[in-house]
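Inspection log for the structure reproduced underneath, given as structure tokens.
Numbering starts at 1 and runs along the sequence shown. The basis for the numbers below is simple: all heavy atoms, side chains too, and nothing from hydrogens, waters or symmetry mates.
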Amino acid sequence: MIGTIQHAAALLSACRSAVALTGAGISVESGIPPFRGKGGLWEKIDPMEYAHIDAYKRDPEAVWRVLFMELKKVLDKALPNAGHAGLRDLEEMGILKTIVTQNIDGLHQKSGNRDVIEFHGTFASHSCMACERRLDTSQVLLETLPPRCACNGILRPDVIMFGEIIPVDHLQRAQILAASCDVMLVVGTSATVQPAAYLPVIAKRNGAAVVEINAEPTPLTGNISDVTLLGKAGQVLGDLVAAVRRLR
């Protein structure tokens with residue numbers, strides 16, 4: 001059903017534990033384009049050719065030139081927006097316990113959220129494929145491609161590429177949280193990419209209310225979601241936090 005800010009605020013205000021699932025839609029307002037969907041990165045390049053771990057092992061320079069160079073430029077400049085701030089505020093109010101994100105931009109942590117499960121890894125750090133040394137992305141120099149560690153090993157972003165699996169501990173913890181929360185907030189995700197897309201289903205089947213915030217309807221709308229708030233994540237989350245404050 002399509003609900004109201006007031007309905008969603010009442011659910012959050014009364015809950016013991018809320019969990020958020022976020023996707024690319026929450027970061028669009030920070031200037032980060034999505035990977036999937038209309039205008040997404042995968043419309044421009046073949047992910048199997050440039051975003052697969054085998055492609056990186058085979059030709060890391062090509063992957064950097066086609067994919068990672070532009071991604072680094074965008075993410076180096078990106079700042080949290082009002083959507084990220086809304087989730088931070090809900091955590092500070094003691095309502096939101098954990099964020100499960102499909103994003104690799106690190107903006108939830110930059111905004112101040114402390115418990116973030118990054119399903120697809122993060123571009124905020126890089127690791128050496130030889131010695132496993134880890135560096136902040138800001139320390140990664142692009143004077144040569146691919147960038148190199150002090151040991152001369154090849155650096156790679158700490159993202160989960162195609163051909164790699166989500167860390168089992170991340171998946172298990174996310175499923176446990178989904179099964180035990182009172183409210184799941186689904187923000188800026190099409191809810192079509194597994195296994196993240198199944199988390200709202202787990203929450204619903206275990207008695208949680210599902211509040212969806214998206215620019216357009218998704219497969220959850222009118223099916224799994226108890227409340228669907230259509231609009232930009234920043235504006236909707238700002239209004240939602242304000243409504244929750246009025247109830248407390």
Single-linkage hydrophobic cluster [X]~[Y], side-chain heavy atoms < 4.5 angstrom:
| X | Y | value |
| --- | --- | --- |
| Leu21 | Val183 | no |
| Ile166 | Phe162 | no |
| Met184 | Val211 | no |
| Val210 | Leu240 | no |
| Val193 | Ile202 | no |

Pairwise side-chain contact, [X] with [Y], heavy-atom cut-off 4.5 Å (strictly under):
| X | Y | answer |
| --- | --- | --- |
| Val116 | Thr98 | no |
| Pro217 | Leu230 | yes |
| Pro157 | Ile104 | no |
| His120 | Met161 | no |
| Cys128 | Cys151 | yes |
| Glu61 | Ile154 | no |
| Leu199 | Phe119 | yes |
| Leu12 | Leu247 | no |

Check [X] against [Y] and note the closest heavy-atom contact, atom names and distance.
| X | Y | result |
| --- | --- | --- |
| Ala243 | Ile5 | CB-CG2, 3.6 Å |
| Pro33 | Val74 | CD-CG1, 4.3 Å |
| Val19 | Cys181 | CG2-CB, 3.8 Å |
| Val187 | Ala233 | CG1-CB, 3.9 Å |

[X] [atom1] to [Y] [atom2] distance, which is reported to the nearest 0.5 Å:
| X | Y | atom1 | atom2 | answer |
| --- | --- | --- | --- | --- |
| Leu96 | Asn113 | CG | CG | 6.0 Å |
| Arg58 | Glu49 | CZ | CD | 8.0 Å |
| Ile117 | Leu177 | CD1 | CG | 5.0 Å |

Strictly distance-based, threshold 3.5 Å: is any side-chain N or O of [X] a donor or acceptor partner for the main-chain N or O of [Y]?
| X | Y | answer |
| --- | --- | --- |
| Ser225 | Val227 | no |
| Gln175 | Ala179 | no |
| Asn214 | Thr189 | yes |
| His84 | Asn81 | yes |
| Arg248 | Met93 | yes |
| Asp182 | Arg16 | yes |
| Ser13 | Ala9 | no |
| Thr137 | Phe123 | yes |

Check this for me, if you would: do [X] and [Y] make a salt bridge, where the nitrogen-to-carboxylate-oxygen distance has to be below 4.0 angstrom?
| X | Y | answer |
| --- | --- | --- |
| Glu91 | Arg114 | yes |
| Arg156 | Glu164 | yes |
| Arg245 | Asp89 | yes |

More than 12 foreign heavy atoms under 6.0 Å from NZ of Lys72: is that the case here? yes

Counting only heavy atoms not in Gln194 (residues, nucleotides, ligands), do more than 12 fall under 6.0 Å from its CD? yes

Can you tell me if [X] and [Y] form a side-chain donor-acceptor pair at under 3.5 Å?
| X | Y | result |
| --- | --- | --- |
| Glu29 | Gln235 | no |
| Ser125 | Asp136 | no |
| Ser190 | Thr218 | no |

Could you walk me through whether Glu132 and Ser127 pass the side chain to side chain contact (heavy atoms under 4.5 Å, CB included) test, one step at a time? CA-CA 5 Å; Glu132 299 185 355; Ser127 294; 5.8 Å; no

side-chain contact (heavy atoms from CB on, under 4.5 Å) test vs Ser30 passes for just one of Leu107, Leu75, Leu79, namely Leu107

Taking the six-membered ring for Trp, are Tyr56 and Phe68 parallel (under 30°), tilted (30 to 60°) or perpendicular (over 60°)? tilted

Please evaluate residues Thr228 and Glu212 with respect to the criterion side-chain hydrogen bond (donor to acceptor under 3.5 Å, both in side chains), reporting the C-alpha separation (whole Å), side-chain torsions for both, the decisive distance (0.1 Å), and the verdict. CA-CA 5 Å; Thr228 298; Glu212 179 185 15; 3.1 Å; yes

For His108, which of Asn103, Thr22, Asp115 qualifies under side chain to side chain donor-acceptor pair (under 3.5 Å)? Thr22

